[in-house]
Protein chains: 2
Amino acid sequence: MAPNRPTIKDVAALAGVSKSLVSLAMRGSDRVSAESRAAIIEAAAQLGYRPNAAARSLADRRSHTLGVVVLDLLNPIYAEIIDGVQGEVRQHGYHTMLVTGNDNPVIEQGEVEKLLEFQVEGLVLIGHRMPAGSLDAIAGDCPAVVISRAERGIAGLDSISNDDVSGARMAVDHLVSLGHRSIAHVTGGGNEVALLRKFGYEQSMTDHGLAEQIACYEGAFTDEGGYRGAAAALDSDRGHTALFVANDIAAVGALAAVADRALNVPTDVSIVGYDGMALASLRSLSITTIAQPLARIGSEGAGLLFLRIGDPTRPPAHIGVEPRLIVRNSSGACHT
Amino acid sequence: MAPNRPTIKDVAALAGVSKSLVSLAMRGSDRVSAESRAAIIEAAAQLGYRPNAAARSLADRRSHTLGVVVLDLLNPIYAEIIDGVQGEVRQHGYHTMLVTGNDNPVIEQGEVEKLLEFQVEGLVLIGHRMPAGSLDAIAGDCPAVVISRAERGIAGLDSISNDDVSGARMAVDHLVSLGHRSIAHVTGGGNEVALLRKFGYEQSMTDHGLAEQIACYEGAFTDEGGYRGAAAALDSDRGHTALFVANDIAAVGALAAVADRALNVPTDVSIVGYDGMALASLRSLSITTIAQPLARIGSEGAGLLFLRIGDPTRPPAHIGVEPRLIVRNSSGACHT
DNA sequence: ACGATTTGTTGGAACGTTCCAACACTTTCG
DNA sequence: CGAAAGTGTTGGAACGTTCCAACAAATCGT
């Protein structure tokens with residue numbers, strides 16, 4: 001609107017000093033006399049001066065900006081992670097460019113490319129869909145961290161995720177402690193995370209001497225998938241009294257399958273989900289779940305990235321965080 | 001990692017042409033001979049050249065970037081709106097810097113300031129918390145659009161939102177058509193949107209000759225608020241057979257209140273929510289709702305912004321979009 | 001009292017692009 | 001055949017910052 005935005009030069013002219021001094025003052029250097037500083041601040045305020053971040057980043061070759069790529073904003077667990085990332089980033093005085101891949105690898109690639117053009121100093125990938133090759137290439141170009149997935153041994157790339165195997169074991173332990181023996185698992189499909197959770201379930205069942213009770217029903221990380229898997233489990237003749245469902249959304253679907261059969265939760269069948277999304281705590285759902293510390297995963301992930309920015313040659317690190325059991329109304333003692 | 005990123009000069013040297021020509025070629029000008037173009041592309045690929053967006057935006061004084069400020073990422077309806085915005089923005093070849101206000105006006109202000117330093121060409125405010133004064137100031141500085149709230153008459157500022165009054169009327173109409181007469185309203189608190197919905201409810205009730213049946217119970221746009229309001233409604237002696245709840249999250253809470261009293265939905269009491277968030281469609285909730293076209297609101301909002309960027313002097317516009325009724329299992333015929 | 005330090009301040013060169021006026025060559029065509 | 005129009009290319013100036021070497025003025029230590 002203003003005919004032309006004021007620049008550092010205009011401020012200098014009005015304050016009667018050189019542009020260099022204005023530059024120093026704006027960044028709060030202590031080598032500026034009180035008088036000059038006052039004059040400069042006054043002039044800047046009067047003109048409505050705002051530093052130009054593009055020029056700044058060009059001149060000192062640092063953008064003070066991080067790129068955050070998230071698979072899909074609609075997934076509430078990612079939103080909670082992002083909140084953690086943003087907090088940490090703000091603390092470091094950095095900024096954030098957030099883009100979505102829309103669950104589409106091609107778009108995702110393009111967005112990453114754009115972020116790199118913006119000279120972001122680091123990349124946070126939340127639930128990416130990148131083929132291993134390009135992940136490698138990116139990490140070679142720019143410090144990066146992968147959140148909520150374990151990547152090991154790629155140079156320049158750190159990662160952080162919750163320990164899915166151990167979380168799945170907690171779910172089974174909890175159900176066993178309530179007296180359940182015929183505990184079925186509704187899977188989350190063929191992806192890595194789902195397989196880890198399934199593995200943890202099988203391990204824990206075996207450890208409890210329930211190996212022959214192991215029963216997996218094919219599901220997915222969706223309402224629909226959970227419904228389908230739970231339906232199959234309930235309609236089987238194995239008399240399952242408890243269901244460990246691969247994630248919370250699917251657990252919501254499982255709840256519906258139980259209701260459709262005029263059974264009650266948790267009296268007839270107990271349900272445990274995974275993720276600890278806020279939604280699972282709503283009183284009409286009240287799902288017992290294995291909660292990931294989502295915000296912490298976000299902030300520690302960002303922390304990892306800042307470490308790498310500080311020392312780009314450090315060896316790749318992976319942090320595994322422990323999930324924790326939150327007991328709600330969807331699980332209860334076994335009555336049979 | 002590379003000692004120094006290659007610049008346009010390096011590409012020029014390798015291809016044996018001037019930097020100006022490389023600049024032209026990179027932007028796909030047709031004034032470049034086929035030979036030169038080939039040589040340049042080859043050289044760029046070989047060096048892994050990537051244009052520097054900061055330098056570009058400095059030189060042509062356009063950032064090709066929009067700032068998006070969202071009140072709170074955790075609210076799923078905002079996530080759906082953002083998706084719409086991003087789609088539209090991508091179509092225009094622009095980029096997006098997304099920041100959150102964390103529901104905190106001070107942080108929100110700071111983030112907006114940063115976006116302006118980045119020379120964003122426009123601002124999308126989704127559910128802001130800005131005092132009217134600073135909104136004014138911002139709009140004077142930079143084209144802006146407010147999404148999901150109606151702002152009228154501020155120069156340089158457009159807005160788009162669904163028509164809450166008309167949506168609330170639809171909810172009541174639906175319930176009346178099912179035979180309900182004692183229809184209560186669980187409010188969403190004192191905010192503008194909640195008041196509009198309440199107003200629509202009262203209007204429609206009056207239009208149907210049910211003025212003396214009007215009954216509002218204090219709630220909020222939360223699970224807890226919906227539970228509280230619905231509890232009060234159900235415990236009253238007015239025999240309400242239907243509840244119009246101010247938004248979907250609150251409707252989920254209302255569902256719990258009904259269940260706690262050993263009543264059934266929709267046999268004993270019908271429930272209608274508002275917003276049309278994806279969550280309301282989960283089969284174990286299956287809430288009848290007044291759905292806002294969230295993605296469309298996002299993309300049309302962004303469209304408005306592009307119009308204003310094209311012509312900064314156009315008079316402020318407001319778009320009201322019609323919500324629509326989605327009937328699910330939480331509403332049914334009145335049985336009393 | 002005089003060089004050494006400290007305290008403020010300065011102009012100019014970067015940073016990596018885009019734009020522009022200018023150029024050398026073709027080609028067109030009246 | 002010569003002027004006009006087109007085609008491809010170029011170097012240099014700009015964009016708004018930060019950095020650096022240099023400097024003038026004030027203060028210090030002996």
Side-chain angles (χ1 to χ4, degrees), chain A residues 2-41 43-44 47-65 93 95 114 116-121, chain B residues 2-41 43-44 47-65 93 95 114 116-121:
Chain A
N4 262 320
R5 285 191 185 279
T7 76
I8 204 172
K9 258 187 199 154
D10 303 318
V11 177
L14 183 57
V17 298
S18 72
K19 63 181 171 39
S20 308
L21 199 57
V22 176
S23 171
L24 286 181
M26 292 309 293
R27 284 171 297 150
S29 155
D30 55 354
R31 311 189 74 76
V32 181
S33 71
E35 289 173 87
S36 307
R37 159 165 290 116
I40 290 169
I41 291 182
L47 293 173
Y49 168 72
R50 219 187 326 261
N52 180 324
R56 192 196 309 258
S57 111
L58 186 56
D60 65 40
R61 313 164 86 188
R62 317 203 27 199
S63 58
H64 284 276
T65 299
H95 265 257
K114 283 292 178 192
L116 292 175
E117 290 187 8
F118 271 96
Q119 315 295 113
V120 295
E121 293 178 34
Chain B
N4 264 318
R5 286 191 185 281
T7 76
I8 204 173
K9 257 186 199 156
D10 303 318
V11 177
L14 183 58
V17 298
S18 73
K19 63 184 173 36
S20 309
L21 198 57
V22 175
S23 172
L24 286 180
M26 291 309 293
R27 282 170 299 148
S29 155
D30 56 352
R31 310 188 76 77
V32 180
S33 72
E35 289 172 88
S36 306
R37 161 167 286 116
I40 289 168
I41 292 183
L47 293 173
Y49 168 71
R50 205 171 359 240
N52 180 323
R56 174 176 301 189
S57 109
L58 186 57
D60 65 37
R61 314 167 83 188
R62 317 204 26 201
S63 59
H64 284 276
T65 299
H95 264 257
K114 284 291 179 193
L116 293 175
E117 290 185 8
F118 272 96
Q119 314 296 114
V120 295
E121 293 178 36

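- Nearest-nucleotide assignment on DNA chain D puts the 5′-proximal partner with B:V32, out of A:P51 and B:V32.
- Taking atom CG of A:L24 as the reference point, atom P of D:dT17 lies 14 Å away to the nearest angstrom.
- Residue A:R31 places none of its side-chain N or O atoms closer than 4.0 Å to OP1 or OP2 of C:dT9.
- The phosphate of D:dT9 (OP1 or OP2) has a side-chain N or O of B:S36 nearer than 4.0 angstrom.
- One atom, CZ of B:R61, and another, P of D:dT17, lie 11 Å apart when rounded to the nearest Å.
- Nearest approach of A:V120 to A:S63, heavy atoms of both residues: CA-OG, 3.7 Å.
- Remark: B:R27 is not in phosphate contact with C:dT17, judged by side-chain N or O atoms under 4.0 Å from OP1 or OP2.
- Nearest to the side-chain atoms of B:V17 among the listed nucleotides D:dT9, D:dT10, C:dT17 stands D:dT10.
- With D:dT10, C:dT17, D:dG16 as the candidates, the nucleotide lying closest to the side chain of B:T7 is C:dT17.
- Contact between the side-chain N/O atoms of A:S20 and the OP1/OP2 oxygens of C:dT10 is not found at any separation under 4.0 Å.
- Checked by distance alone, A:S33 brings no side-chain donor or acceptor within 3.5 Å of a matching partner on the base of C:dG8.
- For the pair B:S18 and D:dT10, the criterion of a side-chain N or O lying under 4.0 Å from OP1 or OP2 is met.
- Two residues, B:A54 and A:E35, neighbour DNA chain C, and the one matched to the more 5' nucleotide by heavy-atom proximity is A:E35.
- Annotation: side chain of A:N52 is in contact with side chain of B:L58 (closest heavy-atom distance under 4.5 Å).
- Scanning both residues, A:G93 and A:H64, for their nearest heavy atoms gives O-ND1, 4.5 Å.
- Along DNA chain C, the nucleotide closest to A:R37 and the one closest to A:K19 are compared, and the more 5′ of them pairs with A:R37.
- Separating the CG atom of B:D30 from the P atom of D:dG8 is a distance of 9 Å, rounded to the nearest angstrom.
- Summarising the geometry, the separation between CZ on A:R56 and P on D:dT18 is reported as 5 Å, rounded to the nearest angstrom.
- If you measure from atom CD1 of A:I40 to atom P of C:dG8, you get 13 Å, rounded to the nearest angstrom.
- Listed for the A:R37 side chain is no donor-acceptor partner under 3.5 Å among the backbone atoms of A:D30.
- When the C1' atom of C:dT17 is taken as reference, atom CG of A:N52 falls 13 Å away, rounded to whole Å.
- Applying the 4.0 Å criterion to OP1 and OP2 of D:dT17, one finds that A:R5 has every side-chain N and O outside that range.
- Candidate nucleotides C:dT17, D:dT17, D:dT9 were compared by shortest atom distance to the side chain of B:L21, and D:dT9 ranks first.
- Here the nucleotide nearest the side chain of A:S23, chosen from D:dG16, D:dT18, D:dT9, is D:dT18.
- The interatomic distance linking B:D60 (CG) with C:dG16 (P) rounds to 17 Å, in whole Å.
- We find that CD1 of A:I8 is positioned 14 Å from C1' of C:dG11, with the value rounded to whole Å.
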